[in-house]
A.B. asks: 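Mind having a look at this structure? Questions to follow.
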Amino acid sequence: MNKTHNNKAWWLVLPMFALVAFSAIIPLMTVVNYSVQDIFDQNTAYFVGVEWYQEVLRNTRLHDSLLRQFIFSFSVLAIEIPLGILVALLMPKEANWKTSLVLILLALPLLIPWNVVGTIWQVFARGDIGLFGWAVNAMGFEYNYTANALDAWLTVLLMDVWHWTPLVALLCYSGLRAIPEAYYQAAMIDRASRWAIFRYIQLPRLKGVLVIAVLLRFMDSFMIYTEPFVLTGGGPGNATTFLSQSLTQMAVGQFDLGPAAAFSLIYFMIVLLVCWLFFTTITHMDKERQ
Amino acid sequence: MANIELRDLAHSYDGKHYALEALNHTWKQGGAYALLGPSGCGKSTLLNIISGLISPSQGEVLFDQQRVNEHSPQQRNIAQVFQFPVVYDAMTVRENLAFPLKNMQTEKAQIERKVNEIAQLLDLSDILHKKAKNLSADDKQKISMGRGLVREDVSAILFDEPLTVIDPHLKWKLRRKLKEIHEKLDITMIYVTHDQLEAATFADEIAVMYEGKIVQFGTPQSLFEQPNHTFVGYFIGSPGMNFLSVEKRNNGVALQDTLFDLTAAQLDVITQSSSSNIKLGIRPEFINIVEPGAPNSFEANIEFIEDLGTHKIVTVRFLGTRWQIRAAEHILISGNNLHFELPADHLKLYIDEYLVGEAQSPIEGDSCE
């Protein structure tokens with residue numbers, strides 16, 4: 001087939017390009033611009049090259065933040081993905097009011113504004129007036145999320161699991177519903193155990209939605225800000241200060257625009273790199289198996 | 001390996017309309033059977049009840065006299081091949097074939113041997129290492145069949161129109177293979193199809209289903225020569241049986257002024273019957289074309305003639321009903337009318353759609369009405 005070459009066709013790409021420019025490229029370039037300058041006020045700025053980057057990379061507080069962030073994101077994935085699959089497997093399959101009810105109940109946490117989620121758990125987990133905190137204390141466990149770092153961590157994790165497992169469950173549920181009944185019938189005939197059905201029929205067919213679920217949950221948890229900010233304010237000490245909170249402190253707290261911009265870009269690159277690594281590994285595994 | 005017995009079995013999906021009406025039937029261990037009938041006659045329902053995918057609304061399923069209604073397909077140890085291919089696409093062809101054996105904790109060497117044997121039988125040896133995902137529909141269906149065939153100790157193997165998606169030339173080959181496997185393994189096989197040729201080539205005995213009932217169970221020959229029900233006459237044979245609605249007279253049956261001679265046994269039944277639903281039936285093959293004016297002959301208007309090379313099918317209008325008559329190639333047919341006789345031993349009498357008045361050999365399998 002002969003392709004027609006006509007450079008006027010580039011005009012057709014222009015609207016899309018303009019859109020992307022305003023939504024991504026221009027804001028990003030502004031940050032790039034900040035990251036290479038030392039800004040004192042509106043009219044006073046000096047070009048400093050990669051100095052901010054070097055400083056940010058050497059900043060030990062940020063190292064701690066980054067480590068905390070990775071531990072948090074991987075804990076979230078390690079809990080929410082299996083739990084979400086389990087919930088999806090246990091959900092009713094018939095199309096009736098019970099299924100609808102379960103779906104609505106499950107979707108509720110997703111509808112709550114993030115600020116409110118933080119507030120809910122801040123109250124809920126208090127030892128004096130919060131049902132959860134009170135109950136845990138009543139069971140004989142010493143629990144105080146405002147004073148104990150581990151308690152604070154567990155509370156933030158629990159909150160995230162409560163908030164976001166439904167998303168994974170709903171994604172998996174839709175994936176499970178897309179498996180034709182014939183597969184289950186054939187598996188029964190082939191005397192497959194419940195585990196074999198999960199391992200060889202359900203799990204392979206959930207792969208698509210699981211990739212999406214892992215990516216979404218990784219990105220979201222890696223950028224988490226509002227909920228721990230409201231719940232613990234990053235404390236006690238710096239125990240639950242994650243990357244975005246460190247960034248906010250730097251950018252709007254100390255007004256260090258240059259380092260904050262450099263930090264933002266590095267932050268962005270980490271998210272991009274991890275997602276890219278994950279995605280290429282998955283697609284590569286797929287190809288290798290064929 | 002088991003005798004499969006169905007006792008007073010009936011099934012309804014909605015509680016009102018019965019997909020299967022009360023039936024009793026036994027499938028003997030080691031037999032090759034076909035369930036033949038048009039779509040929607042309940043044959044797949046029956047198959048799924050035997051395998052345990054559907055629980056019947058009433059009646060019992062027995063394997064070797066043991067009630068298995070409450071047993072899951074896993075417990076019944078039955079193999080079933082579905083109409084559309086089901087392959088586990090995350091596995092290779094080899095893993096697919098080994099899957100049922102692995103689930104039964106079969107020894108590794110035994111799995112290996114059996115998988116290779118079945119793969120060879122189904123021409124899958126070359127693609128054993130491939131992912132099942134990207135294969136053609138033919139190959140996928142062969143894998144589906146293979147998964148049913150690798151198990152040696154099954155109670156029965158059920159086939160639900162397994163060759164629907166298969167290429168015609170391969171169809172013929174696979175049918176032969178199935179037959180071979182059956183002879184080798186001595187496993188009960190039940191094969192659901194709507195194709196009489198497929199049923200006849202595969203099965204020793206065929207159960208013809210119509211509107212949720214098994215209307216006849218017998219060898220292909222008996223289905224052809226002694227159709228127990230008008231539907232069997234119509235469905236089996238190409239073209240199907242000719243029927244004529246007639247009225248009861250003192251000395252036999254008639255339509256308008258034409259009187260038909262009946263055998264003594266038929267006359268006996270007809271005098272005792274009070275039904276007005278009386279039909280005569282004869283296969284196109286058994287009608288003899290004669291010269292005009294021959295004694296005991298009938299006359300019909302020729303509508304058209306199809307010459308098939310080996311024989312001709314003459315479509316006529318006989319007493320207001322359309323009939324088809326098979327004529328040998330050498331018979332010259334001319335004019336507007338055709339004269340023929342209806343040999344008494346092939347002229348069947350049906351009251352309320354069921355065959356009556358057969359004095360000679362009893363019809364095989366008439367216990368399954």
Side-chain angles (χ1 to χ4, degrees), chain A residues 81-82 85-86 88-90 92-97 171-214 278-290, chain B residues 44 47-48 50-54 71-93 95-106 127 129-135 140-141 143-151 153-160:
Chain A
I81 298 294
I85 296 173
L86 188 71
L89 287 173
L90 293 175
K93 295 165 186 70
E94 305 79 23
N96 56 25
W97 66 270
L171 281 170
C172 290
Y173 185 71
S174 72
L176 285 173
R177 291 285 69 73
I179 301 174
E181 190 55 33
Y183 282 86
Y184 294 111
Q185 293 189 341
M188 281 202 272
I189 293 293
D190 289 336
R191 305 191 75 186
S193 60
R194 186 70 197 79
W195 167 251
I197 290 176
F198 173 70
R199 171 67 189 80
Y200 296 110
I201 295 163
Q202 292 173 321
L203 197 58
R205 298 211 147 218
L206 280 183
K207 213 175 101 187
V209 288
L210 281 179
V211 168
I212 294 172
V214 168
F278 173 74
F279 196 74
T280 11
T281 318
I282 291 288
T283 33
H284 196 68
M285 265 162 58
D286 243 15
K287 270 186 202 147
E288 215 148 74
R289 287 225 208 105
Q290 275 164 31
Chain B
S44 292
L47 209 63
N48 288 341
I50 295 174
S51 66
L53 292 172
I54 297 180
H71 293 189
S72 67
Q74 283 100 327
Q75 291 166 315
R76 291 185 197 197
N77 195 16
I78 235 172
Q80 184 171 1
V81 179
F82 300 92
Q83 182 172 6
F84 296 103
V86 180
V87 296
Y88 306 121
D89 35 20
M91 302 185 199
T92 63
V93 176
E95 287 164 335
N96 259 281
L97 294 179
F99 189 58
L101 297 175
K102 239 174 86 183
N103 289 329
M104 294 189 294
Q105 267 88 45
T106 314
I127 54 168
H129 62 280
K130 276 198 186 166
K131 277 260 159 201
K133 199 177 183 174
N134 303 321
L135 297 175
K140 280 185 180 175
Q141 186 64 350
I143 295 169
S144 292
M145 286 172 75
R147 281 206 319 270
L149 296 171
V150 283
R151 292 157 62 182
D153 66 328
V154 284
S155 309
I157 306 179
L158 313 179
F159 298 94
D160 190 357

A.B. asks: Please name the pair of heavy atoms, one in B/Phe82 and one in A/Ala186, separated by the smallest distance, quoted to 0.1 Å.
C.D. replies: CE1-CA, 3.7 Å
A.B. asks: Specify the closest pair of heavy atoms between B/Met104 and A/Arg191, including all atoms of both residues, with the distance to one decimal.
C.D. replies: SD-NH1, 3.1 Å
A.B. asks: Chain A heavy atoms under 4.5 Å from B/Asn48: which part of the residue, side chain, backbone, both or neither?
C.D. replies: neither
A.B. asks: Using every non-hydrogen atom in the two residues, find where B/Asn103 and A/Ala192 come nearest and quote the distance to one decimal.
C.D. replies: ND2-CA, 3.3 Å
A.B. asks: Restricting to non-hydrogen atoms, name the atom on A/Ile189 and the atom on B/Arg151 that form the minimum distance, rounded to 0.1 Å.
C.D. replies: O-NH1, 2.6 Å
A.B. asks: Using non-hydrogen atoms and a 4.5 Å limit, figure out which bit of B/Val87 sits close to chain A: side chain, backbone, both or neither.
C.D. replies: backbone
A.B. asks: Please check if atom CZ in A/Phe198 has more than 12 non-hydrogen atoms from other residues, nucleotides or ligands closer than 6.0 Å.
C.D. replies: yes
A.B. asks: Once rounded to the nearest 0.5 Å, what's the spacing between atom OG of B/Ser51 and atom CE of A/Met188?
C.D. replies: 8.5 Å
A.B. asks: Tell me, for B/Ile78 versus chain A, whether the close heavy atoms (under 4.5 Å) come from the side chain, the backbone, both or neither.
C.D. replies: both
A.B. asks: Could you tell me which non-hydrogen atom of A/Asp190 sits nearest to which non-hydrogen atom of B/Tyr88, and how far apart they are?
C.D. replies: OD2-OH, 2.7 Å
